[in-house]
Asker: 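This structure is in structure tokens; I'll ask about it shortly.
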Amino acid sequence: MRFSKMFITTLKETPADAEAISHILMLRAGYIRQLAAGLYIYLPLGIRVIERINKILREEMNAIGAQEITMPALHPSEVWQETGRWFEIGDEMFRLKDRGGRDMCLGMTHEEIIAWLAAREIRSYRDLPQIWYQIQVKLRDEARPKSGVLRTREFLMKDSYSLDADEEGLERSYQLHAGAYHKIFSRCGLKFYMVESDPGMMGGAKAHEFMAPSPAGEDEIVFCDSCGYAANVELALSVPKKAETKNWVLEEVSTPEKRTVQEVSNFLQLGPEYFIKSILLISEKTPVLALVRGDQELHEKKLIRIIGKHRQAHEEEVKEILGVEAGFIGPMNHKIRIVADVSLKEGVYVSGANKPHYHLKGIRPGRDFTAESHDIHIAKRGDFCAKCNTPLRVEQAIEIGNIFMLGTKYSLPLKAFYLDKGGQGKPIIMGSYGIGPARIAAAAIEQNNDRDGIIWPESIAPFDVELLPLNIKDAKTAEIAEKLYKDLIEAGIEVLIDDRDERAGVKFKDADLIGIPTQIILGEKNLKEGLIEIKDRRTREAVKVIIEEAVEKIKGKINFTHKGRI
RNA sequence: CGGGGCGUAGCGCAGCUUGGUUUAGCGCACCUGCCUUGGGAGCAGGGGGUCGGAGGUUCAAAUCCUCUCGCCCCGACCA
């Protein structure tokens, strides 16, 4: 491809709207343009990267026996009503009516459509297992699109779905996907982790996320370097540092106007780890008192899994239910359900006395109150691994893929059944698996860039090499550049030749910005000696080679295995 | 949805507080010519905006007021 013919518009300055590195660089280097919030145009360079990623996706999906199909982005509401998600999902679903007044929606994911298809086409256990996938657009009316291509309202997704006869089959399909995902992200040159994740509204028993560590990521993941435990903070278990058990006897202490843990802690000159925070919540059925240690934060999502959907109680409700004003609530003498964090299994604490302006010192869990014990705090750095007691690490990351075991959540309502060997009708066991190609591209940039621009992993760069004839008006330069260009293409290498009549500085700057991993520099002085330069974008190391040997040397530098070309 | 910031030429910005001396300005980009060719050159000439939109105040509005649309960031949410 010729630079002069290709639509490449680089920007010298950082657009004011961009903050994330990948967003800034994709804009500046001419990969994308923004149409509206969360809606992006992919320019010629951008689509080349996406296509290369998609090629890897297809190869690895096909390798585990998955079959490509394509489903509509526009869905009738009925299938979504049958699984209930039409009603469960709120504003995030784009809804519309067709000319006949029928409710429709734009597909945010395709479990319903797959189950619909399976219900019609799968009849016997002999038809199973199946893995179907597509690389197609998803539409979600995100509350807050952000960080360029990292969170958008319309995005490409490789989504696959497994159909199995039983749980063992699902486990196999799940493992096949986990394996394929490892290969995909490795081939894309990403640093990533597979972590346990919350199945959330997708339903089902087990789920994992693939996370590319980056400060631009929206997720936090917790790691144990000793036993390998890795999980999203949304469900990560941890054991907070123990507080020394004091020799207190149970006594009331006066704490006038001191309501928050912070205030009482300062007032009594005691660390927050000696306090019990008591939070009254109203779940769908009943009030629940949640207890966490004063230095811990209550984790809403963990609690949802235990008591279901809930909200904080209003001030009046606190008085009505517990008979005391907020700020002086303690765990003792209540008749309602109490859920305490695991860190409160033992120790001795201070908490509200259930009496205005008084706290109780010397409270012992078990003796003074009883509660259900669950991990309901937010795991943080320095906490200990719940499995092996090693200090945990926390890292920010971009979610680049996820895998879910769904079970029968979709097959039952959509009547996707098959007949087993005994002629019995059984629901198909499903799994669903997603990867966002744009997030792979953005994560690759977040993980690989420098002051001058992008440094693409070879496998997903828009081109393998960029040819830089510095002075295109010099006849010899032009002639050698053209020959090299043709020879490289013939050798199966994808080349961008900067054939513009620009000064050397401009070409260098653009080449570094665009980030093609290998640069071939043709300067007049070197050419006179029969030499060209092969320069590595990442290390900036350059080697001079004899023109005649250039093609072989370049082929040697490019990692062909990475591209799956062998 | 709550909080904050911002909309002036393709991009980055100044002007707005104290309305009129601005036919709205600067840098980059763009067009023409000369010159230059190893890290976003130089000189000369030139084109382009009516200040997000609507309404209002005023003799006079980019500047003041009201409404509205859009974008970014933090939070909530996130199948």
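Below, read A as the first sequence line, B as the second, and so on, with proteins coming before strands; counting in each chain starts at 1.
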Asker: Donor-acceptor pairs under 3.5 angstrom involving side-chain atoms of residues 35-42 of chain A: please list them, not counting sequence neighbours.
Answerer:
unit_1: A:Y40; atom_1: OH; unit_2: A:H23; atom_2: NE2; d: 3.2

Asker: Between the base of B:G38 and the side chain of A:N526, is there a donor-acceptor distance below 3.5 Å?
Answerer: yes
Asker: Scan nucleotides 73-77 of chain B against the protein and return all N/O pairs shorter than 3.5 Å with their distances rounded to 0.1 Å.
Answerer:
unit_1: B:C73; atom_1: OP1; unit_2: A:S147; atom_2: N; d: 3.3
unit_1: B:C74; atom_1: OP2; unit_2: A:R144; atom_2: NH1; d: 3.1
unit_1: B:C74; atom_1: OP2; unit_2: A:R144; atom_2: NH2; d: 2.8

Asker: If the condition is side chain to side chain donor-acceptor pair (under 3.5 Å), which residues does A:E300 pass it with, not counting sequence neighbours?
Answerer: A:H310
Asker: Is the closest basic N to carboxylate O distance between A:R540 and A:D536 below 4.0 Å?
Answerer: no
Asker: Assess the side chains of A:Q134 and A:E68: does a donor N or O sit below 3.5 Å from an acceptor N or O?
Answerer: no
Asker: Across all strands, who's sitting opposite B:G70 as a Watson-Crick or G-U wobble pair, both distances under 3.5 Å?
Answerer: B:C6
Asker: Mind checking A:A36 for me? I need base, sugar-phosphate or nothing, with any heavy atom below 4.0 Å counting as a touch.
Answerer: sugar-phosphate
Asker: Which residues, if any, of residues 499-510 of chain A bring a heavy atom under 4.0 Å of RNA chain B?
Answerer: A:D501, A:E502, A:R503, A:A504, A:G505, A:V506, A:F508, A:K509, A:D510
Asker: side-chain contact (heavy atoms from CB on, under 4.5 Å) with A:V261: which residues, sequence neighbours excluded?
Answerer: A:P272, A:F275, A:K277
Asker: With rounding to whole Å, what would you report as the distance between B:G46 and B:G4 at their P atoms?
Answerer: 48 Å
Asker: Taking B:A14 as the reference, what is the distance to B:U37 when you measure between their P atoms (whole Å, please)?
Answerer: 38 Å
Asker: Look at the aromatic rings of A:F210 and A:H182 and report parallel, tilted or perpendicular, splitting at 30° and 60°.
Answerer: perpendicular
Asker: Identify, with sequence neighbours excluded, every residue that meets side chain to side chain donor-acceptor pair (under 3.5 Å) alongside A:K301.
Answerer: A:E234
Asker: Taking only the P atom of each, what is the distance from B:C28 to B:G70 in whole angstrom?
Answerer: 35 Å
Asker: Reckon A:D512 touches a base, only the sugar-phosphate, or nothing at all at heavy-atom distances under 4.0 Å?
Answerer: base
Asker: For atom C1', what is the distance between B:G3 and B:C77, given to the nearest Å?
Answerer: 15 Å
Asker: Determine the Euclidean distance between corresponding C1' atoms of B:U23 and B:G49; express it in Å to zero decimal places.
Answerer: 13 Å
Asker: Side chain of A:K12 only, heavy atoms from C-beta on: which candidate in B:C28, B:C72, B:A79 is closest?
Answerer: B:C28
Asker: What integer distance in Å separates A:E112:CD from B:A79:P?
Answerer: 14 Å
Asker: Please name all residues satisfying ring-ring contact (aromatic ring centres under 6.0 Å, His included) with A:Y161, sequence neighbours left out, ordered by chain then number.
Answerer: none
Asker: Just the rounded figure in Å: distance from P of B:A29 to CD1 of A:I8.
Answerer: 18 Å
Asker: On a whole-Å scale, what distance lies between the C1' atoms belonging to B:A9 and B:A24?
Answerer: 11 Å
Asker: To the nearest angstrom, how far is A:K473 atom NZ from B:U36 atom P?
Answerer: 10 Å
Asker: For B:G75 versus B:C13, give the span between their C1' atoms, rounded off to a whole number of Å.
Answerer: 30 Å
Asker: Is there a Watson-Crick or G-U wobble partner for B:A76 with both distances under 3.5 Å, and if so, which one is it?
Answerer: none
Asker: For A:Y181 and A:H208, what are the C-alpha separation, side-chain angles and deciding distance, and is it a ring pair (Phe, Tyr, Trp, His ring centres under 6.0 Å)?
Answerer: CA-CA 11 Å; A:Y181 278 32; A:H208 286 87; over 10 Å; no
Asker: Determine the interatomic distance between P on B:A76 and the same-named atom on B:C67; round to the nearest Å.
Answerer: 29 Å
Asker: What is the distance from CG of A:L150 to C1' of B:C72, rounded to the nearest Å?
Answerer: 15 Å
Asker: Distance-only check: which donor-acceptor pairs under 3.5 Å involve side-chain atoms of residues 516-526 of chain A, not counting sequence neighbours?
Answerer:
unit_1: A:T518; atom_1: OG1; unit_2: A:K557; atom_2: NZ; d: 2.8
unit_1: A:Q519; atom_1: NE2; unit_2: A:D512; atom_2: OD1; d: 2.8
unit_1: A:E524; atom_1: OE2; unit_2: A:N471; atom_2: ND2; d: 3.1
unit_1: A:N526; atom_1: OD1; unit_2: A:K544; atom_2: NZ; d: 3.4
unit_1: A:N526; atom_1: ND2; unit_2: A:E533; atom_2: OE1; d: 3.1

Asker: Check whether A:K302 reaches the backbone of A:A236 with its side chain - one donor and one acceptor, N or O, closer than 3.5 Å.
Answerer: yes
Asker: For residues 26-48 of chain A, which residue pairs pass the salt bridge (Lys or Arg N to Asp or Glu O under 4.0 Å) check, not counting sequence neighbours?
Answerer: A:R48-A:E494
Asker: How is A:K535 classified with respect to the nucleic acid when contacts are heavy atoms under 4.0 Å: base, sugar-phosphate, or nothing?
Answerer: base
Asker: Send over the distance from A:D498 CG to B:U37 C1', rounded to a whole Å.
Answerer: 13 Å
Asker: Grab the CD-C1' distance between A:Q519 and B:G39 for me, whole Å please.
Answerer: 11 Å
Asker: More 5' along RNA chain B: A:G523 or A:L35, using each one's nearest nucleotide?
Answerer: A:G523
Asker: Where the side chain of A:T10 is concerned, which of B:G40, B:C72, B:U37 is the nearest nucleotide?
Answerer: B:G40
Asker: Taking atom C1' of B:A79 as reference, at what distance in whole Å does atom CE of A:M157 sit?
Answerer: 9 Å
Asker: Looking at A:W456, I'd like to know if the NZ or CZ of A:R538 sits under 6.0 Å from its six-membered ring centre while staying within 45 degrees of the ring's axis.
Answerer: no
Asker: Quick test: give all pairs of protein nitrogen or oxygen and nucleotides 44-54 of chain B nitrogen or oxygen below 3.5 Å, distance rounded to 0.1 Å.
Answerer:
none

Asker: Please tabulate the protein-to-nucleotide N/O contacts below 3.5 Å involving nucleotides 3-11 of chain B, giving atom names and distances.
Answerer:
none

Asker: Can you tell me how far C1' of B:G39 sits from CG of A:N471, to the nearest Å?
Answerer: 15 Å
Asker: Can you name the side chain to side chain donor-acceptor pair (under 3.5 Å) partners of A:H75, sequence neighbours left out?
Answerer: A:W80, A:H110
Asker: Now, which nucleotide makes the Watson-Crick or G-U wobble pair with B:C26, with each of the two distances under 3.5 Å?
Answerer: B:G12
Asker: Using a cut-off of 4.0 Å on non-hydrogen atoms, how would the nucleic acid contact of A:I472 be classed: base, sugar-phosphate, or nothing?
Answerer: nothing
Asker: Determine whether a donor-acceptor pair (N or O, by modelled atom type, separation under 3.5 Å) exists between the side chain of A:R140 and the backbone of A:E154.
Answerer: no
Asker: Has A:Q312 got more than 12 heavy atoms of other residues, nucleotides or ligands less than 6.0 Å from its CD?
Answerer: no
